Number of protein chains: 2
Amino acid sequence: MADQLSTVFAALADPTRRDLVARLTVADATVGELAAPYDMTVQAVSKHLKVLEDAGLVTKGRRAQTRPVHLEAEVFDLMTAWIERYRRQAEERYQRLDVVLAELNESEIEKEAAS
Amino acid sequence: MADQLSTVFAALADPTRRDLVARLTVADATVGELAAPYDMTVQAVSKHLKVLEDAGLVTKGRRAQTRPVHLEAEVFDLMTAWIERYRRQAEERYQRLDVVLAELNESEIEKEAAS
DNA sequence: CGTTTATTCAACCGATCGGTTGAAAAGGAA
DNA sequence: TTCCTTTTCAACCGATCGGTTGAATAAACG
């Protein structure tokens, strides 16, 4: 299978799945309950939940015939870690750029002073 | 087109595109330079860069025949905002659950004390 | 000018995606 | 047991995806 970061990003690339995640932050819910609001079959929602489950974003319990779905929010950390790592790296680069520009400016000033 | 969050998540769901973003945090680079390390045609990389561009993660300049690619790190904020919003919501929910469990525990203790 | 270099456009291909319908499985309830 | 409810499995469909090859574009260089 693909790496987890890829499956997590891919899982959240779909608006229906993001909405499912959003609703699961409020409370656990069964597949049927989760499917109700959408204009699609319960099978389609079941598939979406499987994608979220494969990404590790969600787990399913078992109570009677029903499968209560539970959000596993720790996986968010994986994405946050990736995003923040490269954001920080990009910011550091811009800071270095600022230094370079400042130095350029200084030597410009020196040239000005020398002329 | 799809909403920006969807396109950004989808763009980063591909490992090659994540690697491109990672490399662009170090320095701007031309399409050819970016394509060199991968075992795929330059056209394929050009397509990947177009996906990143459509997601707003990258812009292309124009210098001679070459198109220097530049990372636009601000779009990261969009994802971070979404992730953090629901992470916080999930955490609050668990805190509420903790309160409920604590209250249950207290009444258990009261029962114990009463017996 | 014609040539070379860098990039994109267009068409194609197999695989995956998001949805459907229909059947199967598994657990209560009568 | 039989029936009903919940969920999943399987097959199918059109659309998109990630890659290819080949041609078009655009700017520098001889």
Side-chain angles (χ1 to χ4, degrees), chain A residues 1-24 27-72, chain B residues 1-24 27-72:
Chain A
M1 213 200 303
D3 59 299
Q4 189 176 11
L5 209 43
S6 292
T7 64
V8 172
F9 277 124
L12 295 179
D14 184 277
T16 302
R17 288 194 292 260
R18 281 202 306 278
D19 192 57
L20 286 168
V21 167
R23 290 171 57 205
L24 285 168
D28 291 0
T30 68
V31 178
E33 288 165 351
L34 290 168
Y38 306 115
D39 187 22
M40 71 179 75
T41 63
V42 64
Q43 290 99 314
V45 174
S46 179
K47 269 195 187 181
H48 279 305
L49 289 169
K50 182 159 195 317
V51 174
L52 291 174
E53 195 176 14
D54 290 346
L57 280 160
V58 132
T59 54
K60 295 200 191 100
R62 189 179 288 255
R63 194 158 49 203
Q65 312 101 306
T66 179
R67 313 289 314 274
V69 182
H70 176 77
L71 183 68
E72 300 290 338
Chain B
M1 212 203 302
D3 59 297
Q4 191 177 10
L5 252 186
S6 292
T7 64
V8 173
F9 277 124
L12 295 179
D14 183 276
T16 302
R17 287 193 294 258
R18 281 201 306 280
D19 192 56
L20 287 167
V21 167
R23 290 171 58 205
L24 285 168
D28 292 1
T30 68
V31 178
E33 287 166 353
L34 289 168
Y38 306 115
D39 188 22
M40 72 179 74
T41 64
V42 64
Q43 290 97 316
V45 175
S46 179
K47 269 196 187 180
H48 279 306
L49 289 170
K50 182 161 196 317
V51 173
L52 292 173
E53 195 176 13
D54 290 346
L57 279 159
V58 132
T59 53
K60 296 199 190 100
R62 189 180 287 256
R63 194 159 49 202
Q65 313 100 308
T66 178
R67 313 287 314 274
V69 182
H70 177 76
L71 184 68
E72 299 291 337

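Remember, it's a predicted structure, so these values are computed and weren't measured experimentally. In what follows, chains are A, B, ... by sequence order, proteins preceding strands, each numbered from 1.
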* Evaluate the side-chain proximity of A/M40 to A/T16: yes if any heavy-atom separation is below 4.5 Å, no if none is. => yes
* Side-chain touch A/L12/A/L57, heavy atoms, less than 4.5 angstrom -> yes
* Asked: Under 4.5 Å between any side-chain heavy atoms of A/V21 and A/R17, yes or no?
  -> no
* Structure fact -> Interatomic distance, CG@B/D14 vs NE2@B/H48, rounded to 0.5 Å, equals 4.5 Å
* Residue met sooner reading DNA chain C from 5', once B/V42 and A/V51 are mapped to nucleotides -> B/V42
* Asked: How about B/D19 and B/R23: do any of their side-chain heavy atoms sit closer than 4.5 Å?
  -> yes
* To do: Determine, stepwise, if the pair B/D28 / B/R63 fulfils salt bridge (charged side-chain N to carboxylate O under 4.0 Å, His left out).
  => CA-CA 12 Å; B/D28 292 1; B/R63 194 159 49 202; over 6 Å; no
* To do: To the nearest 0.5 angstrom, please state how far the NZ atom of B/K50 sits from the CD atom of B/E53.
  => 7.0 Å
* Members of residues 29-40 of chain B that approach DNA chain D, where some heavy atom sits under 4.0 Å away -> B/M40
* So, do B/D54 and B/T7 sit near enough that their side-chain heavy atoms are less than 4.5 Å apart? -> no
* Can you tell me the distance, in whole Å, between the NZ atom of B/K47 and the P atom of D/dG22? => 15 Å
* Separation between CD of B/E72 and CG of B/L52, rounded to the nearest 0.5 Å -> 12.0 Å
* Asked: Which residues in residues 52-66 of chain A have at least one heavy atom lying under 4.0 Å from any atom of DNA chain D?
  -> A/K60, A/Q65, A/T66
* To do: Nearest 0.5 Å please: distance from the CZ atom of B/R67 over to the CG atom of B/L49.
  => 11.0 Å
* **Where chain B begins and ends its contact with DNA chain C, read 5' to 3' at 4.0 Å from heavy atoms** => C/dT5 to C/dA11
